[in-house]
Amino acid sequence: EAENVLAIGWELKGLLEKAGAQVIMVRQANVSPADGTSFAGQDNGQLAARTALANRSGAHIFVSLHNDWTDDSSVSGSASYYYKSQDWALADAVQRGLVSQLKSGDRGVKHGNFYVLRNTSMPAVLVEVGFLSNPQEADLLSQRWYRLEAARGIFYGIVEYFQLMS
């Protein structure tokens, strides 16, 4: 998962910067963002470090990328999660963009009680791009072209969100 989502994150960063956005990556390599901080060793240290960086940065949005897993290997598709009502529009736009670009199964926009969603001060979305437990999706998620398509879908959703908010 770490390799897949980091690759998607770098692609997304490039797309957003080309569009004029300033992007802050809370993780730039497969290393915990808590390492070397006061959050190291804490139960939620990695998550606390991510949200603290986002909150200090004055970011307009927070996007958390993930790959899902379930015991049923036939389950596939993408889902986007929100926690606060201010998050829903972002999650909805990102979900539409991602599903449209990937032609993946639409698992919907869901309320999720995730640390990074609860503890960020700006609109936030947690994106489950696909299922590593599904062999076909796991294969796609390992391929550069598919990661780029995922980044494009998320990018289109972010652009739509900011258009709706302006």
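These figures come from a predicted structure and were not determined experimentally. If you read the sequence from its start, that first residue is 1, and numbering goes on from there.
Panel note: side chain K84, backbone L117; a donor-acceptor pair is recorded below 3.5 Å. Distance alone, capped at 3.5 Å, places no donor-acceptor pair between the E137 side chain and the G130 backbone. The closest donor-acceptor contact from the side chain of S133 to the backbone of D71 lies at 3.5 Å or more, if one exists at all. Here the side chain of E3 pairs no donor or acceptor atom with the backbone of S142 at under 3.5 angstrom. The main-chain N or O of N67 is found under 3.5 Å from a side-chain atom of E1 such that the two form a donor-acceptor pair. Formation of a donor-acceptor pair under 3.5 Å by the N55 side chain with backbone atoms of T51 is found in this model.
The two atoms that bring S104 and L98 nearest to each other are OG-O, 4.4 Å, heavy atoms only. Of all the heavy atoms in L126 and H66, the pair that sits closest is CG-CD2, 3.4 Å. When every heavy atom of L140 is checked against every heavy atom of Y146, the shortest pair comes out as O-CB, 3.1 Å. Taking every heavy atom of both residues into account, Y83 and G112 meet most closely at CD1-O, 3.3 Å. Taking each heavy atom of S78 and V129 in turn, the nearest pair found is OG-O, 2.6 Å.
Tracing side-chain contacts under 4.5 Å through hydrophobic residues (I, L, V, M, F, W, Y), one reaches L90 starting from V159; they form part of the same cluster. Put simply, Y156 and L65 are part of the same group of oily side chains (I, L, V, M, F, W, Y) that touch within less than 4.5 Å, one to the next. If you chain together hydrophobic residues whose side chains sit under 4.5 Å apart, L16 and I8 fall into the same group. Hydrophobic clustering of Ile, Leu, Val, Met, Phe, Trp and Tyr side chains at less than 4.5 Å, counting indirect connections, unites L141 with V127. Criterion: ILVMFWY side-chain heavy atoms under 4.5 Å apart, direct or through other members. Under it, V5 and I158 are part of a common hydrophobic cluster.
A salt bridge is defined here as a Lys NZ or Arg NE, NH1 or NH2 lying under 4.0 Å from an Asp or Glu carboxylate O, and E149 with K103 fails to meet this definition.
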Start with the C-alpha gap between F131 and T70, add the side-chain angles, then the distance that decides, and say whether side chain to side chain contact (heavy atoms under 4.5 Å, CB included) holds. CA-CA 8 Å; F131 281 82; T70 183; 3.8 Å; yes
Kindly determine whether F114 and L47 satisfy side chain to side chain contact (heavy atoms under 4.5 Å, CB included), including the steps that lead there. CA-CA 10 Å; F114 297 105; L47 302 174; over 6 Å; no
ring-ring contact (aromatic ring centres under 6.0 Å, His included) between H111 and Y81, worked out: CA-CA 5 Å; H111 185 266; Y81 291 85; 9.2 Å; no
Under the side chain to side chain contact (heavy atoms under 4.5 Å, CB included) criterion, do M25 and W10 qualify, and how do the steps go? CA-CA 8 Å; M25 300 273 288; W10 279 111; 3.9 Å; yes
Set out, in order, the CA-CA distance, both residues' side-chain angles and the distance that settles side chain to side chain contact (heavy atoms under 4.5 Å, CB included) for Y161 and V94, then state yes or no. CA-CA 8 Å; Y161 168 76; V94 166; over 6 Å; no
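Atom NZ of K18 sits about 12.5 Å away from atom NZ of K13, to the nearest 0.5 Å. Residue R50 holds its CZ atom at 13.0 Å from OG1 of T120, rounded to the nearest 0.5 Å. With rounding to the nearest 0.5 Å, the separation of CZ in R147 from CD in E11 is 9.0 Å. Between E17 atom CD and L12 atom CG the span is 10.0 Å, to the nearest 0.5 Å.
For the pair S73 and P135, the minimum side-chain heavy-atom distance is below 4.5 Å. Within the 4.5 Å cutoff, no side-chain heavy atoms of V125 are placed close to those of Q95. Looking only at side-chain heavy atoms (C-beta outward), I24 and L53 come within less than 4.5 Å of each other.
Among pairs with a residue in residues 106-116, none fulfils salt bridge (charged side-chain N to carboxylate O under 4.0 Å, His left out), at least two apart in sequence or across chains.
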